[in-house]
Amino acid sequence: MNAVSPAAVTADLHAWEKGGAASAEALSAWVGDRLAAHEAALKALLAVEGARTPENTLRLYDAAIEQLSLAGSQAGILNSVAPEKAVRDQAQEEAQRVAMAGSALSLNRAVYDALAAMSLDGVSPATRHFVERTLLQYRLAGVDKDRATRDHLQTLHEKATRLGLEFSRNIQEGGKTIEATPDELAGLPEDYIARHPADAEGRITLTTDQPDMLPVMTFASNPALRERMFRAYNTRAYPANQQILLDLLATRQQIASTLGFRSWADLATADQMMESAANVRDFLARLEEASRDGAVHEHKQVLEFARRHQPDLQAIDMASRGYWYEQFRRSAFDFDSQSVRPYFPYAKVQAGVLDTAARLFKVEFRRVDAQAWHPAVSVFDVYETGRHVGRFYLDMHPRDGKDKWFSAAGVVTGVRGRYLPEAALICNFPAPSDSDPGLMQYSDVVTFFHEFGHLMHAILGGHTEWAGLSGFSTEGDFIEVPSQMLEEFFRDEKLLQSFARHYQTGEVLPSELIRKMKGAGAFGRADWVRTQLYYTTLSLDLHDMDPAQIDLDEITQRLYRSLQPWTWLDGNRMYASFGHLTGYSSNYYTYAFDKVIALDFFAQFDPNNLLEGEAGARYRKTVLEQGGSKPGRQMVRDFLGRDEEFAAFTKWLNEEFEPELTR
């Protein structure tokens, strides 16, 4: 670090070690220290005299954003997981304070001019990429506008940040409950029923948290219970988030218009791999065509099956889709997804995921007794050939006040020679206890693999020279590639049998059951693509039209009817809890786009030797270790030797129709 930097090192890397997880005042003080270091680095940057170089200018800029990242990441985590509501409330305020500082930096013309004045002769390709991307992002923020316009933009960005945080908090704290009778739990797993005893009046309370909600939607034979759960789940944060979302959309459009863009969707894709909203629509049209016939065929099969069992059934509504898919799979593939749950107790799954990642990426995980934000969090250090290379935190089970989704988050931005990378998983899997092993559905196991892919990207990509290139700081529409690629490993028989053992007998998950599970799992992929199209088109359209013309209920229902065959249920307000609208905004297409890339990546691995073949080392070197040091497009070409192709995706999409999977 440059000797002139007053922000060279901070010893206080973790807010919770300074009391920030238990005290709102301590958290505010810790964030304040980080912001002070941020400002000190910028002051030193602007005071540099003489010729501008990466060493005397970019180094200080990187120190500034490093401190901003540290404060923003941990304020965001505590906003999601802090045990006390007062701390979560303070964390939300701190996250907004950090975002305001980031907005001010993005519009700081003096800093932009200093970075633009640097000579890049002889710099590394990564440094050149960092500078060029940073300058582009400055221009997209409006740094080249006049002072009054920059001030207006900063006000708009601050408003958008506040609205986005309110939207997310309402989802986090908007969980609902429904009541059921013991008879209405028919079809649900025995361990689920045991976890939900009736009260003195014979009523059972169920929450909209994932461990309660998902089994009801999949296994409950009572349609009234499914519908009550569906309506409760899809009205979380409603009506509070309805107007907040409309205000957020309007504010984003004002930002785009001020910057000379037709819509927020065009602005949000300008520095992405996709480059424009028009290119997104072209991609979505290709997905729509690829999935149309398969989705029609799937729906026809499931509906015909349902009518054989319930002759008076006219149509399957959106609350019953999951249930009838499960029933169809049981019949067509002789596979009951409950049958594999005993092989997936939480502790065994966690051990299996860690062992798989350790073997694939040639690292070692050691659990350590380190402080975190809650006693339920487990902490692991990552080693490579005996060298400490990172740390991660697993906060994996629901609790009151905690965010109810599944996500990965940066904790400490790794910088070569300064800080080791740290990341966290914030999940809501069933919690094991002395009397309950926390049995997981196979979709839960896929989700665990997915999120762990993000975590490994953060750790292995967290050793770059610049904080601004560290971890998963790629283009936003490349960020899901590592996670979706790792999902595919779950389907490998040898890998599954290395950890999937019956929690009572110790029996290894039988090969025949795995074959049936894979066949059943392949069925419904066209419907998955159509669901992605629905979410993607909704997020795109909401950010690509005049906000004054948006009727949230009308557009949500109209798009659903155009892309999904399952009957719409009135009263569905899913947009109020569509949390990705804050982070991904218009760019939810990332999931489908990155699925295409991820499947092409996975196709390069030897199916007979997934963990020990040469592809793993090459993938780690050309993709994960790069962090954001190269454009996503270049990383695709480095690993594949070409751009991504649809062939692997098409094969995956149509696998359900292969004879060996449908017999």
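Quick caveat, the model's predicted, so the values are computed rather than measured.
Side-chain polar atoms of E451 and T447 form no donor-acceptor pair below 3.5 angstrom. A donor-acceptor contact closer than 3.5 angstrom links the side chains of S263 and D544. If you check the side chains of Q96 and R162, you find no donor sitting under 3.5 Å from an acceptor. Using modelled atom types and a 3.5 Å distance limit, the side chains of T269 and S276 yield no donor-acceptor pair. Side chain to side chain, Q253 and H543 fail the donor-acceptor criterion of an N or O pair below 3.5 Å. Donor-acceptor pairing under 3.5 Å is recorded for the side chains of H14 and E422. Between the side chains of E480 and S483, at least one donor-acceptor pair of N or O atoms lies under 3.5 Å. Between the side chains of E166 and N170, no donor-acceptor pair of N or O atoms lies under 3.5 Å. In summary, the side chains of E55 and T53 do not present any donor paired with an acceptor at a separation below 3.5 Å, with no hydrogens or angles considered. Side-chain N/O atoms of S106 and S103 include no donor and acceptor closer than 3.5 Å. In this model, no donor atom of one side chain and acceptor atom of the other lie less than 3.5 Å apart for R231 and N572. When only modelled atom types and interatomic distance are considered, T149 and D146 share a side-chain donor-acceptor pair under 3.5 Å. Side-chain contact of Q154 with R150: a donor-acceptor pair under 3.5 Å is absent, judged by distance alone.
Under a 3.5 Å cut-off, the side chain of Q172 and the backbone N or O of N79 do form a donor-acceptor pair. At least one donor-acceptor pair under 3.5 Å links the side chain of N234 to the backbone N or O of F230. The backbone N or O of I244 sits nowhere less than 3.5 Å from a side-chain atom of N241 that would complete a donor-acceptor pair. With N428 contributing its side chain and D403 its backbone, the two residues share a donor-acceptor pair below 3.5 Å. In this structure a side-chain-to-backbone donor-acceptor pair under 3.5 Å is missing from S586 to S539. Using a distance-only test at 3.5 Å, with no hydrogens or angles considered, no donor-acceptor pair links the side chain of Q484 to the main chain of I597. The backbone N or O of Q67 lies less than 3.5 Å from no partner atom in the side chain of H38, so there is not a single donor-acceptor pair. S73 places no side-chain N or O within donor-acceptor distance of the main-chain N or O of V411, the cut-off being under 3.5 Å. Between the side chain of S585 and the main chain of T582, no donor-acceptor pair closer than 3.5 Å is present. Using a distance-only test at 3.5 Å, with no hydrogens or angles considered, no donor-acceptor pair links the side chain of Q272 to the main chain of E475.
Remark: E84 CD is loosely packed, at most 12 non-hydrogen atoms of other residues, nucleotides or ligands lying under 6.0 Å away. Within a 6.0 Å sphere centred on CG of D570, other residues, nucleotides and ligands contribute more than 12 heavy atoms. By the 6.0 Å contact criterion, NZ on K18 is open, its count of non-hydrogen atoms from other residues, nucleotides or ligands being 12 or less.
A ring-centre distance under 6.0 Å is not found for Y535 and Y591. Aromatic ring centres of Y589 and Y584 lie farther apart than the 6.0 Å criterion allows.
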Steps toward side chain to side chain donor-acceptor pair (under 3.5 Å) verdict (D247, Q243): CA-CA 6 Å; D247 292 346; Q243 190 58 50; 2.9 Å; yes
Pair D395-K402, salt bridge (Lys or Arg N to Asp or Glu O under 4.0 Å): steps then yes or no: CA-CA 10 Å; D395 190 346; K402 179 186 169 186; 3.0 Å; yes
Verdict with reasoning, R169 to D89, per salt bridge (Lys or Arg N to Asp or Glu O under 4.0 Å): CA-CA 9 Å; R169 171 58 68 85; D89 290 343; 2.6 Å; yes
Worked verdict on D151 versus R147 for salt bridge (Lys or Arg N to Asp or Glu O under 4.0 Å): CA-CA 6 Å; D151 288 346; R147 179 60 182 268; 3.2 Å; yes
Salt bridge (Lys or Arg N to Asp or Glu O under 4.0 Å) between R418 and E66, intermediate numbers included: CA-CA 11 Å; R418 282 177 52 69; E66 167 194 284; 2.4 Å; yes
Derivation of the side chain to side chain donor-acceptor pair (under 3.5 Å) call for S470 and S473: CA-CA 6 Å; S470 185; S473 58; over 6 Å; no
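Closest heavy-atom contact between L60 and V48: CD1-CG2, 4.1 Å. Nearest approach of F406 to C427, heavy atoms of both residues: CD2-CB, 3.6 Å. Nearest heavy atoms, E625 versus T464: O-CG2, 4.4 Å. Here the closest non-hydrogen pair linking P83 and R88 is O-NH1, 3.3 Å. For the pair T474 and M635, the tightest heavy-atom approach, listed with the atom from each and the gap, is CG2-CE, 4.0 Å. The heavy-atom pair separating M545 from Q549 by the smallest distance is CE-O, 4.3 Å.
In this structure, CG in L135 is found 11.0 Å from CG in L140, a value given to the nearest 0.5 Å. With rounding to the nearest 0.5 angstrom, the CD atom of E158 is 12.0 Å from the OG1 atom of T251. In this structure, OG on S577 lies 9.0 Å from CH2 on W405, to the nearest 0.5 angstrom. Going from atom CG of L136 over to atom CG of D271 covers 5.5 Å, rounded to the nearest 0.5 Å. Atom OG1 of residue T536 and atom CG of residue L287 lie 8.0 Å apart, to the nearest 0.5 angstrom. H463 contributes atom NE2, which lies 11.5 Å from atom CG of L624 (distance to the nearest 0.5 angstrom).
Side chains of T537 and L284 form a contact here, defined as non-hydrogen atoms less than 4.5 Å apart. Contact of the L58 side chain with the L115 side chain is registered, since non-hydrogen atoms from C-beta on lie closer than 4.5 Å. For the pair E288 and V529, the minimum side-chain heavy-atom distance is 4.5 Å or more.
Salt bridge status for E94 with R97: present, with a side-chain N to carboxylate O gap under 4.0 Å. D643 and R633 are joined by a salt bridge, as a carboxylate oxygen and a charged side-chain nitrogen come within less than 4.0 angstrom of each other. Contact check on R281 versus D541 returns a salt bridge, with a Lys/Arg side-chain nitrogen under 4.0 Å from an Asp/Glu carboxylate oxygen.
Using bins of under 30°, 30° to 60° and over 60° for the plane-to-plane angle, the ring pair F130/Y61 lands in the tilted bin. Using bins of under 30°, 30° to 60° and over 60° for the plane-to-plane angle, the ring pair Y112/Y138 lands in the tilted bin.
The one candidate from L581, L163, L542, D546 that meets the side chain to side chain contact (heavy atoms under 4.5 Å, CB included) condition with L249 is L542.
Figure legend: cation-pi geometry between R573 and Y575 absent, as NZ or CZ is not positioned both under 6.0 Å from the six-membered ring centre and within 45° of its axis. Cation-pi contact between R59 and W466: present, with separation from the ring centre below 6.0 Å and deviation from the ring axis of at most 45°. Cation-pi contact between R530 and W528: absent, since separation from the ring centre below 6.0 Å together with deviation from the ring axis within 45° is not met.
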